[in-house]
2 protein chains.
Amino acid sequence: MATYDPLKRALKKEGLRYTQQRQSVWDELCATNDHRDAEEIYLAIRQSGLNVSRATVYRTIDVLVKNKMVRKLELGDGRARYEHKINATHHDHLICIQCGKIEEFMDEVIESRQDEIVKKFGYKLVRHIHQLFIICSECESP
Amino acid sequence: MATYDPLKRALKKEGLRYTQQRQSVWDELCATNDHRDAEEIYLAIRQSGLNVSRATVYRTIDVLVKNKMVRKLELGDGRARYEHKINATHHDHLICIQCGKIEEFMDEVIESRQDEIVKKFGYKLVRHIHQLFIICSECESP
DNA sequence: TATATTCTGAGACTCAATCTCAATAAGAAT
DNA sequence: ATTCTTATTGAGATTGAGTCTCAGAATATA
């Protein structure tokens, strides 16, 4: 299984045990390139016949986020979304406020301007959130 | 009172009544240039001897945000912050992940790149969130 | 001042996320 | 393979920001 090794490695690094539940959460996150919330991950795993609790889904996602295998997106609607980082390069997001569709963008100019701004303040950049809330073409003219 | 007129105007526009409670929320928001959460606004008003409920604070802030008199900031920690927009020009935020200090920045290059990105997708930009999470100089070398 | 209507406050409620703790499972040692 | 220690799990309780409810209070209009 392609997703097996990185999970085992991360768990070992954290001194945690390898379990079927943790594997199922990681597998489900890797199953699509969507940006899903914890409840959707939870339901998808149960749909597939495996038993797992919400608490375990949240706890496992925390481990994965901490180990940079999964990225947590806060869209300001009180429900975090998650995306796996397998083969992913850095990007930020466009979010349609009508249909909720999420697309990705990346702009070198913006990235370097950010660094310059932070440098000018004399600070150290840790991470950034850059979200463009839009109305997509389908929603604009259906 | 400097903050009296815009409030009355907004309330009239929304078909809402002018009340002491609404005035007190707006006054308190204008009292500082900080980025405070609803609980802080609520406590500050009570501190000053006026009686107001949490519900009214939230309800009034909603009206003010809707009328662009107040800006709501979602920092991803589950507690929205608010800043009044008296004399304010557009800006985004630097947030120290250590001490919570919030500073403001604005970059024309980034602003126009955003427009170009959205145009390239064929979408319509409604609003954006751009937050730089940093470690400030005081926290870096105390 | 009377009347109709909106607003307020106290607390119930919601919902995502976290915590609790007894039962279960993993992994190490034998 | 079995035992033993310790981490993990699941069900449900809890948290906390924010919203809702509705009877009583306050506001605007006549």
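Because the structure is predicted, anything quoted here is derived from the model rather than measured.
Using modelled atom types and a 3.5 Å distance limit, the side chains of Tyr123(B) and Glu103(A) yield a donor-acceptor pair. Donor-acceptor pairing under 3.5 Å is lacking for the side chains of His130(B) and Asp107(B).
The salt bridge (Lys or Arg N to Asp or Glu O under 4.0 Å) analysis of residues 126-137 of chain A, with sequence neighbours excluded, yields no pairs. Identified under the salt bridge (Lys or Arg N to Asp or Glu O under 4.0 Å) test for residues 81-95 of chain A, with sequence neighbours left out: Arg71(A)-Glu83(A), Arg71(A)-Asp92(A), Asp77(A)-Arg81(A). For residues 60-69 of chain B, every residue pair satisfying the salt bridge (Lys or Arg N to Asp or Glu O under 4.0 Å) rule, not counting sequence neighbours, is listed here: Glu14(B)-Lys66(B). For residues 131-142 of chain B, the pairs satisfying side chain to side chain donor-acceptor pair (under 3.5 Å) are Lys101(B)-Glu138(B), with sequence neighbours left out. Residue pairs meeting the salt bridge (Lys or Arg N to Asp or Glu O under 4.0 Å) criterion with at least one partner in residues 40-57 of chain B, sequence neighbours excluded, are Glu39(B)-Arg54(B).
For Tyr42(A) and dC15(C), the OH to C1' distance is 15 Å, given to the nearest whole Å. Rounded to whole Å, atom P of dA23(C) lies 18 Å from atom CG of Asn51(A). A straight line from CD of Glu40(A) to P of dA16(C) spans 11 Å, rounded to a whole angstrom. Across the protein-nucleic acid pair, Leu16(A) atom CG and dA26(C) atom C1' stand 12 Å apart, rounded to whole Å. Nucleotide dA25(C) holds its C1' atom 16 Å from the CD atom of Gln23(A), rounded to whole Å.
Nearest to the side-chain atoms of Gln21(B) among the listed nucleotides dA26(C), dG9(C), dC7(C) stands dG9(C).
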Protein-nucleic acid N or O pairs under 3.5 Å, nucleotides 2-5 of chain D:
none

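Lys72(A) pairs by the side chain to side chain contact (heavy atoms under 4.5 Å, CB included) definition with Val65(A), Glu74(A), Ala80(A), Tyr82(A), not counting sequence neighbours. The side chain to side chain contact (heavy atoms under 4.5 Å, CB included) check on Ala55(A) picks up Ser53(A), Arg59(A), with sequence neighbours excluded. Applying the side chain to side chain contact (heavy atoms under 4.5 Å, CB included) rule to Glu108(B) yields the partners Met106(B), Glu111(B); only residues at least two apart in sequence or on another chain are considered. Scanning for ring-ring contact (aromatic ring centres under 6.0 Å, His included) contacts around His93(B) gives His35(B), His91(B), with sequence neighbours left out.
Projected onto DNA chain D by closest heavy-atom contact, Gln20(B) and Thr19(A) fall at different nucleotides, the more 5' of which corresponds to Thr19(A).
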B/S/- along nucleotides 14-25 of chain D (protein heavy atoms under 4.0 Å) is ---SBBBB----

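For the OP1/OP2 pair of dA26(C) and a distance below 4.0 Å, the side-chain nitrogens and oxygens of Arg22(A) include no atom meeting the criterion.
The overall bend of the helix from dT1(C)-dA30(D) to dT30(C)-dA1(D), read as the angle between its terminal helix axes built from five base pairs each, is 30° when rounded to 10 degrees.
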